Every structure is written in C-alpha cells, then in structure tokens.
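Heads up: the structure comes next, in structure tokens.
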Amino acid sequence: MTADLYAALDEGQRAAVLAPAGPVCVLAGAGTGKTRTITHRIGHLIAAGHHGGDEILAVTFTTRAAGEMRTRLRSLGAGTVQARTFHSAALRQLAFFWPRVVGGEMWPVIEHKMRLVAAVAKRVGAGTDTPTLRDLASEIEWAKACLIAPDDYLRAVGALQRATPVDAQTVARAYSAYESAKTDARQLDFDDLLLHICAILENDEDAARTFRARYRCFVVDEYQDVTPLQQRTLDAWLGGRDQVTVVGDANQTIYSFAGASPRYLLDFERRYPHATVLRLERDYRSTPQVVTLANRVIAGASGATATKRLTLKAARPDGPDATFEEHPDEPAEAAAVARRAKELIAGGMSASSIAVLYRINAQSEGYEQALAAEGVPYVVRGGERFFTRADVRAALAELNKAARAEAARASAAGGSDGGAGESGAPDAAALGGETGLVPQVRAVLGLVGLTPTPPPPGALRDRWDALAALVSVAEELSAVDASATMTTFVAELAQRAQSQHAPSVDGVTLASLHAAKGLEWDAVFLVGLTDGTLPIQHADTPEAIEEERRLFYVGITRARSRLMLSWALARQEGGRRVRSRSRFLTGLVPSSGVPGTRRQNRRPGRCAGCGGPLTTAAEIKAGRCQNCPSTADPGLVAELKAWRKGRAADASVPAFVVFSDATLMAIAERRPSDGAALLAIPGIGRSKLDTYGSEVIAIVAGHTAEGTRSGGED
C-alpha cells in the first residue's frame with residue numbers, strides 16, 4: 001500500500017487504518033467512508049507485515065457489500081483476503097471440516113425451506129397459507145439467531161414479552177417438528193451452518209487448531225447488526241484471541257426484530273479494555289442541510305444506543321433545504337410525489353438516482369399507480385410489485401369469481417330466482433345480505449384473509465394490508481360511482497394492473513426503509529410520516545419507539561442532496577383527516593408552516609384547543625396541552641378507571657401496567673370505536689389491543705350509546 005493511498009484518507013480514516021494491531025472499534029456514521037476505511041485498514045495490516053492476506057477474514061451482512069469489499073481489496077493488491085457474509089464463510093469452513101470431524105459427506109443445505117415448513121405446519125395443525133408459513137419460518141429463524149432451542153422457545157418469548165405473529169404454542173410445536181424433520185432428512189438450513197461450525201470449533205481441538213492457524217485476523221462490518229448466533233460464531237473463530245476490527249454505527253441499529261443486537265458494539269470496550277476506539281463523523285455523502293436534519297432527529301434518541309451517538313459533519317457544499325409537505329389524503333400525497341419526481345427527471349436527474357421510501361411494503365401500491373399515471377419508470381426493491389404478489393393474485397381470483405357470478409345472475413334476471421351463478425362463487429346472500437360494493441368486496445376478501453381487525457406484525461399483516469388496499473380501491477370507486485358493481489370493480493383493478501408496465505433499469509426506486517439500508521440516492525422522498533406508520537403502531541415500548549427513530553434517521557441519511565418529507569391526514573381521497581404527522585417531526589417542521597396544511601385542521605403536534613405546541617408525552621397522547629380543558633366525559637373516565645382497577649386486581653399488577661392515567665384520559669377523549677382507532681392512541685400497541693381492546697371498545701360504545709339516549713353529544 002503506497003503513501004499516496006494513505007494520503008487519500010482524511011484524518012479520522014487514517015487513524016483507523018493505522019491503528020495498532022489488536023482490538024479496534026471504528027464507530028462510523030452514515031456516509032463517512034467506512035468501506036474505504038475497512039479495506040484500507042486490511043491493506044495496511046498486510047503492508048505492515050502484521051498479517052498475510054490469506055490470514056484475514058472480513059465478514060459483512062449482504063452479498064452486495066461483500067462483493068464491493070472484494071473489488072476494493074483487489075484494487076489495493078489484497079485480493080487474497082476472504083471477504084464474505086457470515087453464512088458464506090461458515091459454509092466454506094463447514095465443507096472443509098465436516099468430512100474430517102463428523103464423517104461422510106456434508107449434509108446438503110435446504111434450497112426451499114418453505115416446503116419443509118409447510119409439511120410441519122400441517123402436522124402440528126397450523127395454517128398452511130403462505131403468510132402463515134412465512135411467519136413461522138421467520139419466527140424459527142429469529143429463535144435460532146437468538147440461540148433459543150425449541151424446548152426454550154415458550155419460556156424465552158414469555159420473558160421477552162414478544163408479540164409472536166403466530167400463536168406461541170403453535171410456533172413451539174412447529175419449531176420442534178421442523179428441527180426433527182430436518183435432522184431426519186439429513187439436511188441443514190442456513191442458520192445450521194453457523195451452529196455447526198461453532199460446535200466443531202468449540203468441541204474439536206484439532207479442528208480449532210487447524211482453523212486458527214489459517215485465520216488470525218478478523219474484520220466485521222455493520223457490527224451493530226450481529227445476532228447472538230453470529231457473535232458466538234465470531235467468538236469461535238477468534239478462540240480467545242483479540243485480532244479483530246469491528247465497524248458499526250449504533251444510530252443505524254434497525255434489525256432487532258430479526259434478533260440483531262447492538263450490545264456487542266456498545267460493550268466492545270468492556271470486553272477489550274485495551275481496545276482502540278475511533279470515530280468517523282465526516283459525512284461525504286450528504287449536503288449540510290440533510291446532515292443537520294439527521295443530527296436533529298438522532299439527538300432526540302435515548303436508551304443504550306445513545307451512549308455511542310455520532311454527530312455527523314458535512315463535507316459537501318450547501319444544497320437545497322429539506323421540504324415538508326402535508327396532504328389531505330394518501331392519493332394526493334402519492335400524486336404530488338410522482339409529479340415532483342417527473343419534474344426532477346425533466347430537469348436532468350436520472351430516474352435511478354431518485355427513491356421513494358416508506359415504512360411498510362404495502363405502501364408501495366399507491367406510488368406505483370401514481371408514478372405509472374405520470375409515465376415515470378420505477379422499480380420496487382425488497383418486494384414484488386403490488387399486482388404480481390401471490391396474495392394479491394389470490395384475492396383477484398376470488399374477486400373475478402364473484403364478478404362472474406354477478407354477471408351470471410344479471411343475465412338470468414328474467415328467470416325464476418335470478419340464478420345461482422357460478423358454482424362456488426359467493427352471491428349477495430352469502431355475503432351477509434349486503435349488496436353495496438364495499439361490503440361485498442370485504443366479504444369476498446374475507447375468504448382470503450381479510451379480518452375485521454389487523455393481525456400482529458408479520459407476513460399475515462402484510463397480506464392484510466394488501467387486502468385492505470384493495471378495499472380502499474372499492475371505496476374510491478364507490479365514492480365516484482354509487483352504482484358500481486363487482487364487475488366494474490374488477491375491470492378497474494384490471495386497468496390499474498395493466499397500466500403498471502414492467503420497470504426499466506433506469507427507474508425511480510420504491511423501497512421500504514429497511515430495504516434502503518446501505519443505499520443512497522441524489523433525491524429521496526420520505527413518505528407516509530404519520531404516527532401509527534412511523535413510528536409503526538405496534539411499537540409500544542420505549543425501545544421499539546427508539547428503533548423507529550433510528551429507522552427514520554437511516555431514511556434521511558440515504559439522501560445526497562434533495563430530501564422531501566411528506567404525510568397525509570387521511571387514507572382515502574376525501575376521507576376524514578384524523579391522522580397526526582409523526583412525532584419525530586416535532587421541532588423539525590419550519591415555523592412558517594407547511595405547504596398544503598389547512599388552517600381548520602389541527603396540526604399534528606399541536607393542541608386541539610389553543611393550537612400551541614405539545615411537548616410532553618402526556619400532552620401528545622391527549623392531543624391537547626395542559627392549559628386546555630379536557631373534553632372527556634367524567635362518567636366515562638370513572639367507568640374506565642373502575643374497569644382498570646378490576647383488571648389490575650385480577651392480574652395482581654399495579655393499575656398503570658394495564659393503562660396509565662394519561663392513556664385512559666386519551667381513550668375517554670378520543671372515544672375509539674374500533675381496534676384501528678384504539679391503536680392510533682400513543683402508548684397502545686398490539687399486545688394491549690389483543691388483551692384489553694374489545695373490553696375498552698365495549699365500555700366506550702356503551703357509554704356513548706347511553707349518552708345519545710340521554711340527549712348527550714354524539
């Protein structure tokens with residue numbers, strides 16, 4: 001490695017590259033050149049004679065990142081260094097040691113895990129639909145990543161108070177059956193690769209000695225995202241040695257749902273008291289305007305990750321200010337984004353340098369439609385296009401069946417009873433006697449998974465969101481044409497699907513915030529920034545809220561120069577504007593106001609009474625400041641408190657564990673009529689909805705009905 005290559009590094013990068021051999025922790029912020037730093041450090045370790053290239057193993061989390069690392073290492077003359085993902089490295093090692101330690105040929109790695117999951121799901125009486133199978137597979141992967149055995153699963157999820165996407169007892173049975181079936185078939189899954197190489201290196205001295213003579217130095221990228229299983233693998237590789245360099249950013253810890261934990265990064269100095277710790281905070285990616293906004297968002301973070309908070313310093317020249325826009329509804333928001341993207345492309349920006357980022361994949365559909373309507377090419381990252389998803393195709397098949405039955409009944413209208421329609425196709429009577437389009441669509445989609453209330457987070461919830469999006473299309477159609485039928489609805493869906501042409505290579509990227517990690521664009525639209533979406537409504541603990549904040553931070557730091565943030569007050573066109581903009585925007589939106597905001601609507605983060613700012617958690621929850629009187633009915637408050645007292649006594653817990661006083665007051669003021677409205681109240685998450693929701697809604701409904709009969713307000 002020549003001196004001119006060292007000269008290409010800034011002061012912080014050079015310090016990290018030239019740090020002495022031994023334990024090194026590099027805290028590298030977004031856009032600070034961590035890949036350059038990692039590869040140059042490896043080059044320096046080789047050039048300085050600390051290690052040979054074939055003695056170094058560099059691991060990261062994606063094949064794309066590993067490939068980029070290998071390319072850069074080759075350019076530095078360090079092509080003999082192994083740069084792989086954890087699983088790829090373990091597979092290579094296991095293929096070598098299995099015949100020597102276990103004997104015989106290595107068991108094959110399962111190529112299609114879902115087939116085995118489906119088989120065991122059927123055996124234990126679980127659902128075998130695709131969303132349920134995905135949730136079971138994900139939960140098994142989480143357990144294995146967290147080193148939780150099948151026999152310990154129930155105890156572990158109970159201790160963690162984990163909201164499982166499928167009943168925990170069912171998961172436990174499926175997990176145990178899955179492991180047994182896999183062993184009986186003499187097969188491995190990807191997590192087994194790590195588990196088996198750990199077992200070999202921990203228990204076979206000859207294998208451990210052979211491995212550690214080969215690999216003497218390790219470099220780990222994205223260290224904030226390692227799971228307990230990956231950390232155990234790293235420990236097995238090291239075997240008590242300390243020749244390790246880790247690089248990470250606690251501000252970007254966003255994968256705890258998959259078992260990742262930042263504690264290994266946070267505790268690195270405790271584990272290695274003599275470690276060298278350096279910070280990279282000079283941001284080469286984003287303009288000062290973007291960097292300043294990102295710093296303001298993460299400055300509000302709390303919890304353990306805040307102890308390693310980085311404050312970015314922009315190296316680029318000034319750019320445009322971030323924009324904030326409020327829209328009356330989601331279709332208006334999507335249309336505005338599509339128009340603006342079209343303008344940017346017309347102004348010379350390539351479509352591939354633009355991204356629209358959202359919290360959940362189900363949000364993509366509206367932006368796919370809006371971009372297609374404007375003739376803007378797009379690509380969907382991290383998910384299928386809406387109309388090609390398996391769950392959407394299944395729903396369309398049922399809707400088409402219902403439409404054909406409707407057409408058959410119409411053609412036989414002159415007959416004795418109007419005809420029964422196509423065999424197996426639901427008719428109006430089968431749909432509960434409701435003949436309006438929207439209830440009919442809901443009933444048909446109920447056959448493929450649409451329930452009155454949304455399921456917990458997971459693949460089942462993703463399917464529910466997609467089906468709910470189809471209902472919203474029916475609602476929009478009915479609002480325009482009150483006489484719309486199932487036949488016209490299906491025709492409308494077909495037209496929408498047809499307009500979404502296959503995306504070209506140069507297209508606007510549509511991606512979830514999780515899928516956007518590690519990527520960057522010149523222009524980024526952060527959309528759907530409302531409470532209940534970001535933070536997501538099931539984030540009901542302080543730790544979960546903080547992870548949502550970090551996810552928002554990751555989204556902001558994807559932008560190089562243009563950053564546009566927006567939200568909508570209603571889901572449907574012309575719908576009630578009851579949403580509040582994300583609490584993470586508090587203090588960020590310019591005091592001069594937001595384009596599109598209507599004065600008669602309460603601004604999110606502002607008091608419903610006086611319009612002043614809401615500063616405390618209790619004020620935000622109630623939607624009013626402490627100086628404005630409550631609108632809650634004292635009788636309803638008393639009834640809710642009496643109910644809470646009884647529930648707390650039954651469970652032998654303090655009353656606040658059921659609901660805090662602030663939450664009860666918010667319930668009494670907002671009077672939620674369904675699960676979605678209850679979830680919209682800050683502090684109420686999925687677990688509390690499942691436990692108490694029906695009782696609370698019944699109390700509110702009963703009190704409201706009594707008030708109406710007594711001549712009270714609605």
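Given the structure is predicted, the values throughout are model-derived calculations rather than measurements. Side-chain atoms are counted along with the backbone in the values below, which use heavy atoms only and exclude waters and symmetry mates.
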### Query
Does the side chain of Phe525 come within less than 4.5 Å of Ile354's, by heavy atoms?
yes
### Message
Can you confirm whether Tyr378 sits close enough to Thr509 that some side-chain heavy atom of one is under 4.5 Å from a side-chain heavy atom of the other?
### Response
no
### Task
Please name all residues satisfying side-chain contact (heavy atoms from CB on, under 4.5 Å) with Glu543, sequence neighbours left out, ordered by chain then number.
Thr541
### Query
How many angstroms lie between atom CE of Met349 and atom CG of Asp522, to the nearest 0.5 angstrom?
5.0 Å
### Query
Under a 4.5 Å cut-off applied to non-hydrogen side-chain atoms, are Leu526 and Ile556 in contact?
yes
### Query
After noting the C-alpha distance and the side-chain angles of Glu141 and Arg134, does the key distance pass the salt bridge (charged side-chain N to carboxylate O under 4.0 Å, His left out) rule?
CA-CA 10 Å; Glu141 290 170 359; Arg134 287 177 179 170; over 6 Å; no
### Message
Phe61: which residues meet the ring-ring contact (aromatic ring centres under 6.0 Å, His included) condition with it, sequence neighbours left out?
### Response
Phe86
## Note on the structure
Heavy-atom closest pair (Thr453 atom, Trp464 atom, distance to 0.1 Å) is O-NE1, 3.7 Å
### Message
Looking at Ile360, is its backbone amide N or carbonyl O close enough to the side chain of Gln363 to form a donor-acceptor pair, meaning the two atoms are under 3.5 Å apart?
### Response
yes
#### Entry: For the student: nearest non-hydrogen atoms of Asp249 and Ala28, plus distance
CB-O, 3.2 Å
### Task
Could you grab the distance from atom CG of Leu534 to atom CD1 of Ile536, nearest 0.5 Å is fine?
8.0 Å
### Query
Between Arg558 and Glu520, is there a salt bridge with N-O shorter than 4.0 Å?
no
### Residues forming a side-chain hydrogen bond (donor to acceptor under 3.5 Å, both in side chains) with Thr35, sequence neighbours excluded
none
#### Entry: Check: Asn361 main-chain N/O paired with Ser364 side-chain donor or acceptor under 3.5 Å
yes
### Heavy-atom pair of closest approach, residues Thr533 and Arg359
O-CG, 3.0 Å
### Message
Go through it in stages, so that I can follow the logic: the residues are Tyr284 and Arg560, the test is side-chain contact (heavy atoms from CB on, under 4.5 Å), and I'd like the CA-CA distance, side-chain angles, deciding distance and then a yes or no.
### Response
CA-CA 9 Å; Tyr284 295 93; Arg560 297 188 189 106; over 6 Å; no
### Query
Between Leu513 and Tyr553, is a side-chain contact (heavy atoms from CB on, under 4.5 Å) present by the stated rule, with each step listed?
CA-CA 10 Å; Leu513 289 167; Tyr553 173 83; over 6 Å; no
### Query
Can you tell me how far the CG atom of Leu585 sits from the CD atom of Glu326, to the nearest 0.5 Å?
10.5 Å
### Query
Quick one: are Asp391 and Leu467 in side-chain contact, heavy atoms under 4.5 Å?
no
### Summary
Sorted by chain and residue number, the side-chain contact (heavy atoms from CB on, under 4.5 Å) partners of Ala335 (sequence neighbours excluded) come out as Arg339
### Message
Taking Lys144 first and then Asp189, would you say they form a salt bridge - that is, a charged N and a carboxylate O separated by under 4.0 Å?
### Response
yes
#### Entry: Contacts of Asp129 that satisfy salt bridge (Lys or Arg N to Asp or Glu O under 4.0 Å) - sequence neighbours left out
Arg463
### Query
With sequence neighbours left out, which residue pairs that include part of residues 343-356 fulfil the salt bridge (charged side-chain N to carboxylate O under 4.0 Å, His left out) condition?
Arg340-Glu343
### Straight-line distance of Ile254 CD1 to Arg549 CZ, nearest 0.5 Å
15.5 Å
### Query
What are the two closest heavy atoms between Pro331 and Arg571, and how far apart are they?
CD-O, 3.3 Å
### Query
Where the side chain of Thr292 meets the backbone of Gln289, is there a donor-acceptor pair that is under 3.5 Å apart?
no
### Sequence-distant partners of Ser566, side-chain hydrogen bond (donor to acceptor under 3.5 Å, both in side chains), two or more places apart
Glu333
## Note on the structure
Rounding to 0.5 Å, atoms CD (Gln252) and CG (Asp225) come to a distance of 8.5 Å
### Closest approach of Ala474 to Leu437 (non-hydrogen atoms, all atoms of both residues)
O-CD2, 4.0 Å
#### Entry: Pair Arg581 + Glu325, salt bridge at N-O below 4.0 Å
no
### Task
Just jot down the side-chain contact (heavy atoms from CB on, under 4.5 Å) partners of Ala334, sequence neighbours excluded, or say none.
Tyr367, Ala370
### Query
Considering all heavy atoms of both residues, which atom of Ile545 and which atom of Ala539 are nearest to each other, and what is their separation?
CD1-O, 3.3 Å
### Message
Test of understanding: with ring-ring contact (aromatic ring centres under 6.0 Å, His included), list the residues that count as partners of His87, not counting sequence neighbours.
### Response
none
### Query
Could you go step by step and tell me if Glu406 and Thr487 meet the side chain to side chain donor-acceptor pair (under 3.5 Å) rule?
CA-CA 7 Å; Glu406 179 184 77; Thr487 302; 2.7 Å; yes
### Query
Just by modelled atom types, is the Arg583 backbone N or O under 3.5 Å from a matching donor or acceptor in the Asp531 side chain?
yes
### Query
Excluding sequence neighbours, so at least two apart, what forms side-chain contact (heavy atoms from CB on, under 4.5 Å) with Thr128?
Ala121, Lys122
## Note on the structure
The reported gap from CD in Glu398 to CG in Leu470 (rounded to nearest 0.5 angstrom) is 12.5 Å
### Query
Got a donor-acceptor contact below 3.5 angstrom from the Arg576 side chain to the Ala570 backbone?
no
### Message
Suppose we screen for side-chain hydrogen bond (donor to acceptor under 3.5 Å, both in side chains). Which residues come up paired with Ser138, at least two apart in sequence or across chains?
### Response
none
### Query
Does any non-hydrogen side-chain atom of Val380 lie less than 4.5 Å from one of Glu368?
yes
### Query
Do the numbers put Arg162 on top of the ring of Trp142, so that NZ or CZ is under 6.0 Å from the six-membered ring centre and no more than 45° off the axis?
yes
### Query
Mind checking what makes side-chain hydrogen bond (donor to acceptor under 3.5 Å, both in side chains) contact with Ser261, not counting sequence neighbours?
Arg263
